[in-house]
Structure formats: structure tokens, C-alpha cells
S.K.: 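Could you have a look at this structure, given as C-alpha cells, before my questions?
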Number of protein chains: 2
Amino acid sequence: MATVSRYINHRETVSDEIVNRIRPVMQELNYVPLVAARNLASRKTGIIGLLSFTVEYGFFGPLVTGLEKTLKENGYNLLVATYPPDHNDEIAPPIGPHNADGVVVFSNTLSEERLAEWYGMQFPIVLVHRTAPHSLPIPCVNVENKTASFKLVEHLIEEHGKKQIIFMRPSGYQEDAHSRELAYKAALKAHSIVFDPNLIIGGNYDQGAGRQAMEEFLANNPPSFDAVFAGDDDLAVSVISALQNAGLRVPEDMAVVGFDDQRFARLFVPALTTVHAPTEEVGRVAGQQMLNVLRGQPFDCMTVLPTEVVIRQSCGCCQ
Amino acid sequence: MATVSRYINHRETVSDEIVNRIRPVMQELNYVPLVAARNLASRKTGIIGLLSFTVEYGFFGPLVTGLEKTLKENGYNLLVATYPPDHNDEIAPPIGPHNADGVVVFSNTLSEERLAEWYGMQFPIVLVHRTAPHSLPIPCVNVENKTASFKLVEHLIEEHGKKQIIFMRPSGYQEDAHSRELAYKAALKAHSIVFDPNLIIGGNYDQGAGRQAMEEFLANNPPSFDAVFAGDDDLAVSVISALQNAGLRVPEDMAVVGFDDQRFARLFVPALTTVHAPTEEVGRVAGQQMLNVLRGQPFDCMTVLPTEVVIRQSCGCCQ
DNA sequence: TTGTACGCGTTATCAA
DNA sequence: TTGATAACGCGTACAA
């Protein structure tokens, strides 16, 4: 029994003679180790989880792709599960210490309390699109939000003479969007434009967000703005739709820019001016950091991947 | 020991006296049952898998949402994993009989051999967007493709006088797309339009598919067509982009229609004329069928959910 | 290099 | 209704 175990797991050398005795029997019996028994005995599962409050985001696909590739190459399987953030921590996440060797957490899917709890029990965690609470040295992987956002808003101001720029928040709090909002304010300030709190909209809406938020805003205000910086590409598209629906032309009457450079960004009409975020790379790096943690090797507490402004047409360029 | 197990699983009645003895101790010890041990002893995991060759499809999100809701309400967790179809069945799927109580399979993610193998070992399977092999009475959930596609093509012919309609296949074989193609041919025939095999394009391309396929087609042919029926909305958007890039106007010069009615379909400019598919409902029904199988209750071998043509602007209507 | 014996933490069985 | 005891199938010190 023990020898068969050793043979299967390639742990110690087994003599050819015995291997030749084991193999045919395994074939004949159609033997496959029972994962549950294995997990119990070894206290390992070979599974890494990805926990997210949604799978409906456009950039979710590339993230999974990058993550999965890195992990599979190293013998782990990736299992994805959603976990609504409003759970009050009552219901345990579908993936966690009980059924995985580690978990990658997207944005604010998990509360700080849960993170602290898991960290305390030495459970490997990697954060993506979120920075770790100060007291927890957990590796996190982000994209550069501020510089790119600053440049993007600056482009609207300098190249297109925009002065009344709306910032549209995605629904719910997200760290990424918050950083972009801060950069937006900084850019205004750097160009001596007074920040108008009325020009921050969105944030309290569900799916289909941008369109609804923009429609409401338009209903209550005459178009007292000349550009929109949407928190992400999903929102940008909704916003453009709402504007056009209201009889405004983009980019002639109104410039709209986004963030992420999702797949559809350049297919859209007008093609989206946005910031390219290396989402698949985020996945790959997160996977690598997870491997480092699992192996007890040193890891980077904070990785910030570079982003780049992509000028297309929705801002008014390249007509 | 046994009594505690009974208490935790609410299997048999435990006297209040003993319950009051168990509870405080559980608190104090911070006792949580070890899932691995549980799985070993009970031969159950409480997990249902969703196996798909991609998570990048636009309609993947709603499918997960519907499925997850139904399963969670019944005590199961949904775990999503991808499995490239070109694996030659060498590598075992990340989710299967070894670590789940059942699996929902999207489209042709699994080979017939694998399905037969799992079915043979009584492992619960539900198919979505795919019909089961004849010999395997596995429940499958589909959307109605043919009637809707027929009507859609008919709309192009009757309302807009289109005669040279391209059908664009998605990359790789998919049953859905095949049904839509058949309906397309049937609609042509019903209106005495000779089918031109040159007007079937796509099928061999990777991501970003439609655009590339259409660009190649345009490069080799003068625009000898007047409409495009894209296999799904993702493709439709790519196609429109390619057409506009080539200086053609949609819908003035060229009508383009899709399938699925994904979230962005009505946000796009021009708004997509397409077929609404109840994707979230597909997920809910699939979840219900899975529960039926798990409980040994009767199930429907084939569910076909109704679809509906949605006329917007990309066909030339509502200008 | 091989085999024995035990532990992993539950659930299931059976007698009380 | 309860409690002792036997699986569950594997990994792993330890001795051989």
C-alpha cells in the first residue's frame, strides 16, 4: 500500500520490478486515487480559488485566463466562485481554507475581517485590484490608476479644451474607481479648474448603471458639461448610449472616455479613448505571487502594473 | 461523537439536554467540521461544477447568475472552471466525479466519450446549449434557435429587401450556431433565394474573430452582399466595426443582425437587431434539472426555452 | 527500497 | 435517543 502511494506520488524511488507489478494491476482495477481521502490525509487540495462578487465584468475573462495559465502550469486548478459582498460574513465563502490551498480575491469581495481571519490561520491569499489592509502583509496586484487617469483628463482639458468634465462612478465602492476619481480631481486642480461636486455622478446604481445615471442627470440638468470620464469602459458605453439617446453627439457635442481598454473598446462606434490595463498580466502575476506564498518563498507585497492612455475617437481625436 | 455528528447534520433528533451540552463546547473550541473528512465519509461534496471552454462569452455572466441562484437556494455551491476542448481527454477536467456531486457542461466542452464515461458511473450531468448524444438520457437545456433565426432572416428579406445575406460562424463548432445556420438556409429557400456557399464565412478564427474574418472577406471580394447574420452578438459587433472601418455604413449600406441580445446589444450604436435569448433562465432551469437528477427525481431530457426577435436599428428599422 | 501500522476527522452501523 | 466502534481510502513515520 505504502509503496503504491509512493509510486503514484513520485515521492521516493520505487524499484522497476515493483513498478512493473503495480502498473498492470492499476490498469486492470481502473484505479484512481480518491481525492477526498487524499485531501484528508495530506491536508491539501491542489485547488486555488478565485473569489469575486461578480463574473459579469468585461475584464473578468482575461483575468481568469492569465491566472489559470500560471496555476495550471504549476499543478494547480483554478476554481471560480462568486460571493456577494452583502453577506455580512454570515455565510462562508464557497471557496476558502476548507476546500482550497489558497484564494485570489478580486477587489472588495471579502471583508477586512475575513481577510484577517484567513491570514491569521496562515491561509494563502493574493489580492487583485485592491490593496491589503495595513496590518496584513498580503501580496496584492494592481494596475496603475492615477498617472494614467491624470493624463487622460489632462488630454480632455489640453487637447479638447474641456472644462466641465463629469466623473462617473461605478456602482458600489471600488478602490480602482476611487483612485481614478482622485486623479481626476488632481488633474482639474493642476489646470486651475474648480472642482464641482455636482459633476460626480453614479455610484448608487445597479447593472445598466451608466445609462440610467446619465439619463437621470440629464433629466435634472441642462447639459452643463462637455465631457465624461467614466470609471470603466462598461460605464463609458452606457453613457454614450444615454447621450446619443438624448440627442447629443459623441464626440462632437460631448467627449466620453473610459478605463480598461476592454475588448470591445476599439470596436465600439465611436472607438473608445481609454486607458489600457494589462488584465491578463494581472492574472499571471497574481498566480505567480500565489505560488510564491504557497512555496514559502518571498513575494512582493505590492505589484503595480503599468497602464497606458489610448487615444481613439470618443474624445474627439482622429475624426 | 456520533451524537454530535447527528446534531450538526440535523439527521436524527437529539435531545435538548444534549444539544445544550454540545453547543457551548462547539463555541469554545471554535469547532468547524473538516470538509475533507466529511467528503471522505459521506462521499458527497456539496459542490456542483460548471465546465466551459471559455469564460469570455458575454452571455456567460447571466448563465452563472441563474445557475448559482438555484443551486445556492438548495444547499449547493457552484464552482466554475474552464477546460480547453483540445485536451484529447488526456488531462482530467478540473471538476468532475472526483471533487463534485454533479457538473453542468456548456456546449461542447466535453467529448461524447467523457460524457458517456461519467454517465456510466452514474455521475449527474446537465448539458446547456447542447443536445445529449442519442444513447445518453441526460437532461439538456437549450434556447429555441431555428424559428427565431428563420424569422430574423425573413425580416431582412421581406422588410428590407435583402437578397445576399452573409452568415458568419463563430470560431469552433457550436451546436447553437449550427442550428442558426440551418435556419438561415431554410429562410433563404422559403423565399426562393439561391444559397451561395461563399456567403458563409468565419469559423476558423480566434478571439476578435468577426472583425478579422470580415476584413479578409472584404479584401478578397467587392461588397457583393447586403446584409450579415452574425452567429452571436459578439460577432455582430466585430462585424459592424469591420464594415465601418471599410467605409461602409450600418445600417444604410449594410444590415447586420446578431443573436443573444446581450447586455450591450441595445447600447451599441446602431442598436442591435437580434434575438433575445433568456440566458439567466437557462441557468435556472439547468440548476433545477441538476437538482432533480441529484434527488433521483424525474427530469426533462430536453428543455427548449423560447426566444424572441428584437427589432432595433442595425437592420435598418427605426431610423 | 519495502512493508507495517497508525492517524486523518467524519459518517454509518448496531446494540443498548 | 445515545454511545461505542467500525469503516472511509490515503499518506507517512518507523522499522525492517
Side-chain angles (χ1 to χ4, degrees), chain A residues 1-47 74-77 92 94-102 117-118 121-124 294-296, chain B residues 1-48 74-77 92 94-102 118 121-124 294-296:
Chain A
M1 242 173 84
T3 306
V4 172
S5 172
R6 282 187 287 253
Y7 165 66
I8 289 178
N9 298 306
H10 308 291
R11 297 199 76 81
E12 297 165 58
T13 32
V14 178
S15 71
D16 288 355
E17 185 200 326
I18 299 247
V19 168
N20 289 330
R21 204 135 56 90
I22 291 177
R23 229 162 4 196
V25 180
M26 273 185 55
Q27 287 272 335
E28 196 178 344
L29 265 49
N30 227 306
Y31 173 82
V32 177
L34 190 70
V35 176
R38 217 169 199 177
N39 293 347
L40 177 58
S42 70
R43 304 302 203 127
K44 294 209 159 55
T45 66
I47 284 172
N74 289 274
Y76 287 94
N77 275 322
I95 312 190
H98 55 285
N99 58 0
D101 295 344
E117 177 196 341
W118 284 1
M121 58 200 280
Q122 316 253 46
F123 183 64
L294 289 166
R295 294 167 177 163
Chain B
M1 245 171 84
T3 305
V4 173
S5 173
R6 282 187 287 254
Y7 164 68
I8 289 177
N9 297 305
H10 307 291
R11 298 196 76 80
E12 296 165 58
T13 31
V14 178
S15 71
D16 288 356
E17 185 199 327
I18 299 248
V19 168
N20 289 330
R21 203 136 56 89
I22 292 177
R23 235 174 345 212
V25 181
M26 272 183 55
Q27 288 271 336
E28 196 179 344
L29 267 51
N30 227 305
Y31 173 82
V32 178
L34 190 70
V35 176
R38 217 168 201 176
N39 293 348
L40 176 59
S42 69
R43 304 301 205 127
K44 293 208 161 53
T45 66
I47 284 173
I48 301 299
N74 290 274
Y76 287 95
N77 274 324
I95 312 189
H98 56 284
N99 58 0
D101 295 344
W118 285 1
M121 56 200 282
Q122 316 253 44
F123 184 63
L294 289 165
R295 293 166 179 164

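Naming convention: chains lettered A, B, ... in sequence-line order (proteins, then strands); numbering from 1 in each chain.
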S.K.: Remember a base hit wins even if backbone is also touched, and classify A:Arg43 as base, sugar-phosphate or nothing at under 4.0 Å, heavy atoms.
M.R.: sugar-phosphate

S.K.: With A:Ala37, which residues qualify under side-chain contact (heavy atoms from CB on, under 4.5 Å), at least two apart?
M.R.: A:Leu34, B:Leu40

S.K.: In whole angstrom, give the distance that lies between atom CZ of B:Arg6 and atom P of D:dT1.
M.R.: 10 Å

S.K.: Do side-chain atoms of A:Asn77 reach the backbone of B:Ile95 as a donor and acceptor pair under 3.5 angstrom?
M.R.: no

S.K.: Between D:dT2 atom P and B:Tyr7 atom OH, what is the distance in whole Å?
M.R.: 13 Å

S.K.: Please name all residues satisfying ring pair (Phe, Tyr, Trp, His ring centres under 6.0 Å) with B:Phe123, sequence neighbours left out, ordered by chain then number.
M.R.: B:Trp118

S.K.: Only pairs at least two apart or in different chains count here, so list each side-chain hydrogen bond (donor to acceptor under 3.5 Å, both in side chains) that has a residue in residues 13-37 of chain B.
M.R.: none

S.K.: Could you tell me the separation between the CE atom of B:Met1 and the C1' atom of C:dG7, rounded to a whole number of Å?
M.R.: 13 Å

S.K.: Any idea which of C:dC14, C:dT1, D:dT12 is nearest the A:Thr13 side chain?
M.R.: C:dT1

S.K.: Taking only side-chain nitrogens and oxygens of A:Thr3, does any of them come within less than 4.0 Å of OP1 or OP2 of C:dT2?
M.R.: no

S.K.: Can you list, in residue-number order, the parts of residues 15-27 of chain A that come under 4.0 Å of DNA chain C, counting heavy atoms only?
M.R.: A:Ser15, A:Ile18

S.K.: Determine to 10° how strongly the helix from C:dT1-D:dA16 to C:dA16-D:dT1 is bent, judged from the axes of its five-pair ends.
M.R.: 30°

S.K.: Return the minimal non-hydrogen interatomic distance between A:Asn99 and A:Pro94, and the atom names on each side.
M.R.: ND2-O, 3.0 Å

S.K.: Please collect all side-chain hydrogen bond (donor to acceptor under 3.5 Å, both in side chains) contacts where either partner lies in residues 35-47 of chain A, sequence neighbours excluded, each pair once.
M.R.: A:Asn9-A:Arg38, A:Thr45-A:Asp101

S.K.: Using whole Å, report how far NE2 of B:His10 lies from P of D:dT1.
M.R.: 15 Å

S.K.: For DNA chain D, which residues of residues 28-42 of chain B approach it to below 4.0 angstrom with any heavy atom?
M.R.: B:Leu40, B:Ala41

S.K.: Counting side-chain heavy atoms from C-beta on, which of D:dA4, C:dG3, D:dA6 comes nearest to A:Ala2?
M.R.: C:dG3

S.K.: According to salt bridge (charged side-chain N to carboxylate O under 4.0 Å, His left out), who are the partners of B:Glu12, at least two apart in sequence or on a separate chain?
M.R.: none

S.K.: If I compare all heavy atoms of B:Ile47 with all of B:Tyr76, which pair ends up nearest, and what's the gap?
M.R.: N-CD2, 4.1 Å

